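Below: one structure, written as structure tokens.
Chain letters run A, B, ... following the sequence lines, proteins first and then strands; every chain starts at 1. Treat the numbers as computed from the prediction; the structure is a model and nothing was measured. No hydrogens, no waters, no symmetry mates; every other heavy atom, side chains included, goes into these values.
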2 protein chains.
Amino acid sequence: MGQPDGADETAHARVTSYDVARLAGVSQSAVSRAFRDGASISPDMRARIQRAARELGYAPSNIARALITQRSRLIGVVATRNTARNNPDILFHLGHQIQEAGNRMLVFTLPDTDSGEGIPDDLFAYHVDGVIAATSLPDEVLAACARRRIPVVLFNRTGPAASVSCDHATGMRDLVSHLVRSGTRTPAFIAGPADAPVSVERLNGARDAFAAHGIALDPVVHSDYSHEGGRAAAAQLLAICRPDTIVCANDTMALGVIDACRHELGLRVPEDLGVTGFDNISQSAWPSYALTTVAQPFEQLTRTAVRMLGELVEGEAMPRERRLMPARLVVRESVVGEGHSGPEAIPAAAQERNPP
Amino acid sequence: MGQPDGADETAHARVTSYDVARLAGVSQSAVSRAFRDGASISPDMRARIQRAARELGYAPSNIARALITQRSRLIGVVATRNTARNNPDILFHLGHQIQEAGNRMLVFTLPDTDSGEGIPDDLFAYHVDGVIAATSLPDEVLAACARRRIPVVLFNRTGPAASVSCDHATGMRDLVSHLVRSGTRTPAFIAGPADAPVSVERLNGARDAFAAHGIALDPVVHSDYSHEGGRAAAAQLLAICRPDTIVCANDTMALGVIDACRHELGLRVPEDLGVTGFDNISQSAWPSYALTTVAQPFEQLTRTAVRMLGELVEGEAMPRERRLMPARLVVRESVVGEGHSGPEAIPAAAQERNPP
DNA sequence: GGCGATATTGACTGCGAATGCAAGCGCGGC
DNA sequence: GCCGCGCTTGCATTCGCAGTCAATATCGCC
């Protein structure tokens, strides 16, 4: 321990490659090469340098490295609060998988109202190698990224950039098929915010799927993706009509609907009213709800997004590729089963593999 | 691509301060000063430069800036999956407040099993100005940060570093007082993982508080903070004894306990058995559960952590300051009320300000 | 034993911005 | 009218590392 060295240098600001070089008796270039895979360096020199580096606690600076290589190994992830709330796993999975690829996740959180205009400057300031957008980015922002050659992958939305999405429409179709087989004839819909692309896809998917069966989806009310929003929408909706099933644009609202029915409106679910969601959040599996829903393959989605972005950074992928990942119907007990009624419906496993 | 080079330079890799300087007819230093508050520069020169910068879409590089100023404006946040799952708002709030202070959040996600040994090198590689640890970091990691003069704020745990925590023990004491007043005499406890500091604090807090009333907390079983874990622990526990109240170390397990009671064990909550949680997650307020719990002031906690870290970075705060923020009892209907019984217990507002 | 080929190594420059220093400028006071 | 002061501005240097180029060491082969 201690630096007997020249004067009293105990508080050296930062250990640099020069420090390691001096200790190991080699040049700075050698130290640099010792930390770069595939660099031209002999095994024993590398070993010697790494021993010295360990002694000093040296780690190469990604900042300096970024400056010279033009690769920061930083991935910008843009998300709103809703992203974090609606499925906390998304951020975790993204972070984890970005790390596995040897990069780091730089999070840009937007208030739900902010459109993200101010984002790009910050993105550029940190030289992010790529961006994953889990919220809608204005086209100008995407254009600015394109101009800077910063690849962008949109997550669960489309736009003038590559994207990875869950196939909400097909998922909705599977769900609707199940509902129609189970007897649904007068469905209503509780959508998310009118400007949320995911909600729009799910709504259109449901409307089209019901239409294919000659059934109208009506009424459609908009809410805000929250439990309280679902509760309020249910109260509003059930005050004016009596659908046999309420299809919700996400699970959280569906759970709110169920709570409203049971605790405020005196309706039984599923006997008096079927309720479905979308997302398969963990709460939906809880026995108090047993929500029939559609699962997004989050891990697969995030993994694909990260991989695709990596390929774009390396210049290996098409810049506008659109990937759709299949959703999966999860049948539980919040709608009456086919030809059955009540909670003892067909077990989930028997349903999940049905062709549409 | 092809580099027509020479003439056609539309695709300049990156806009630098030199480009702006050339366009504005000034020196690079001037450009630098135009983007630094308080720098010595005349108003009209700054205006001219900013006009040129806007024209070119220039933003100063934080990477280069970090190299010379030794300030990256990056805050490392270390979290596990549990952090993300148990309260998704933590990450969002942290990110948001870090941004408000003009910094960015660099997320280090650990698998729940990883102890974080590999973290420090990455932390140093990115020159983070400070670290917020929402998971337990090994002492060697903290020591390594201290050696590098990287301030660390521990979130909801203590250790050889500054910390911001919720006062779990006092919160538990308030909860226990409420329980005892409500008639609890034979409480049991479902703890989190035995090595989770937060769980230990809550367990000890509960045990001490009951002991002060001459009541033994027994049995105590350990689980994993999950809904399923709570369900299983309840089944296990109720197979061997019949407590009048089950106190859980977090809300998620408490909700699992309630579901187990109602859907598997044929017990009514709160009539046959009281159940309490800790955290006040959003689901606890849902009418299906109406969980009596203790709220952590998350926004306040994260705000304090970010502020304290900022002060440490600026050298203004004490390096080992420990801040405790008060928890707040939230009385709902998962335990029978004082002198009452059943769901029509005393409204929450009447309870929340009682002295212990 | 000599030659070229190959593998290592070191000196040096530059990534993009910040900043100490000195020069330039305008202005007031004598 | 000249000197000096304060405000701006430009020059040159620096942060830590990667990669280019040239120099040297090592080796195989004839």
- [ ] Would you check if the side chain of A:S72 reaches a backbone N or O of A:H127 as a donor-acceptor pair within less than 3.5 Å?
- [x] yes

Task: Any N/O donor-acceptor pair, A:Q28 side-chain to C:dA11 base, under 3.5 Å - done: no

- [ ] Using a 4.0 Å heavy-atom cut-off across all strands, classify B:V31 as base, sugar-phosphate, or nothing.
- [x] nothing

Task: Separation of D:dC7 P from B:I41 CD1 (nearest whole Å) - done: 15 Å

TODO: Test the A:R104-B:Y126 pair against the cation-pi criterion, namely NZ or CZ under 6.0 angstrom from the six-membered ring centroid and within 45° of the ring axis.
DONE: no

TODO: Verify the contact: side-chain N or O of A:R65 to OP1 or OP2 of D:dG19, cut-off strictly under 4.0 Å; return yes or no.
DONE: no

Task: Nearest-Å distance for atom pair CD1/C1', residues A:I68 and C:dG16 - done: 11 Å

- [ ] Using atom types as modelled and distance alone, determine if a side-chain donor or acceptor of A:R46 lies under 3.5 Å from a backbone N or O of A:R33.
- [x] yes

TODO: Side chain of A:S42 only, please: which of D:dC17, D:dT8, C:dT8 is the nearest?
DONE: C:dT8

- [ ] Please find out if less than 6.0 Å separates the ring center of B:Y58 from that of B:F35.
- [x] yes

- [ ] Take the C1' atoms of the five end pairs on each side of the helix from C:dG1-D:dC30 to C:dC30-D:dG1, get both axes, and report the angle to 10 degrees.
- [x] 40°

Open item on the list: Closest approach to the side chain of A:S29, judged atom by atom: which nucleotide of C:dA11, C:dT19, D:dC15 is it?
Closed with: C:dA11

Open item on the list: If you only use heavy atoms from C-beta on, which nucleotide in C:dC12, D:dC15, D:dG10 is closest to the side chain of B:A30?
Closed with: D:dG10

TODO: Could you check how far CE of A:M45 sits from C1' of C:dT8, rounded to whole Å?
DONE: 8 Å

- [ ] Under the side chain to side chain contact (heavy atoms under 4.5 Å, CB included) rule, what do B:L106 and B:I75 come out as? Steps first, then yes or no, please.
- [x] CA-CA 6 Å; B:L106 196 60; B:I75 301 295; over 6 Å; no

- [ ] Scan side-chain atoms only and decide if B:N82 and B:T80 contain a donor-acceptor pair under the 3.5 Å cut-off.
- [x] no

- [ ] Please determine if a side-chain N or O atom of B:Y18 lies less than 4.0 Å away from the OP1 or OP2 oxygen of C:dG14.
- [x] no

Open item on the list: Looking at B:S27, I'd like to know whether one of its side-chain N or O atoms comes within less than 4.0 Å of OP1 or OP2 on D:dG10.
Closed with: yes

Open item on the list: Whether A:S40 contacts C:dA7 is assessed here as follows: a side-chain N or O lying under 4.0 Å from the phosphate OP1 or OP2. Is that the case?
Closed with: no

TODO: Between D:dC17, C:dT19, C:dG16, spot the one nearest the side chain of B:R36, thanks.
DONE: C:dT19

TODO: Determine yes or no for a side-chain-to-main-chain donor-acceptor pair under 3.5 angstrom, with A:N156 supplying the side chain and A:C166 the backbone.
DONE: yes

Open item on the list: Rounded to whole Å, please give me the gap between CG in A:L67 and P in D:dC15.
Closed with: 14 Å

Task: Integer-rounded Å distance: C:dA17 P and A:I63 CD1 - done: 14 Å

TODO: Please report, rounded to the nearest Å, how far the C1' atom of C:dG26 is from the CG atom of B:D44.
DONE: 14 Å

TODO: Kindly say if A:S61 contacts the phosphate of D:dC17, meaning a side-chain N or O under 4.0 Å from OP1 or OP2.
DONE: no

Open item on the list: It should be established whether A:S32 places a side-chain nitrogen or oxygen under 4.0 Å from OP1 or OP2 of nucleotide D:dA18.
Closed with: yes

Open item on the list: Output the rounded distance in Å from CZ (B:R71) to P (C:dT19).
Closed with: 11 Å

Validation: residues 301-318 of chain B side-chain donor-acceptor distances under 3.5 Å, sequence neighbours left out:
unit_1, atom_1, unit_2, atom_2, d
B:T302, OG1, B:Q97, OE1, 2.9
B:T302, OG1, B:F298, O, 3.1
B:T302, OG1, B:E299, O, 3.0
B:R303, NH2, B:E299, OE2, 2.7
B:T304, OG1, B:Q300, O, 2.7

Open item on the list: Please pick, from D:dG16, C:dC15, D:dT8, the nucleotide with the shortest atom-to-atom distance to any side-chain atom of A:Q70.
Closed with: C:dC15

Open item on the list: Whether A:T16 contacts D:dG16 is assessed here as follows: a side-chain N or O lying under 4.0 Å from the phosphate OP1 or OP2. Is that the case?
Closed with: no

Open item on the list: Would you say B:R33 places a side-chain N or O within less than 4.0 Å of OP1 or OP2 belonging to C:dA18?
Closed with: no

Task: Gap between atoms CZ and C1', on A:R46 and C:dT9 respectively (whole Å) - done: 14 Å

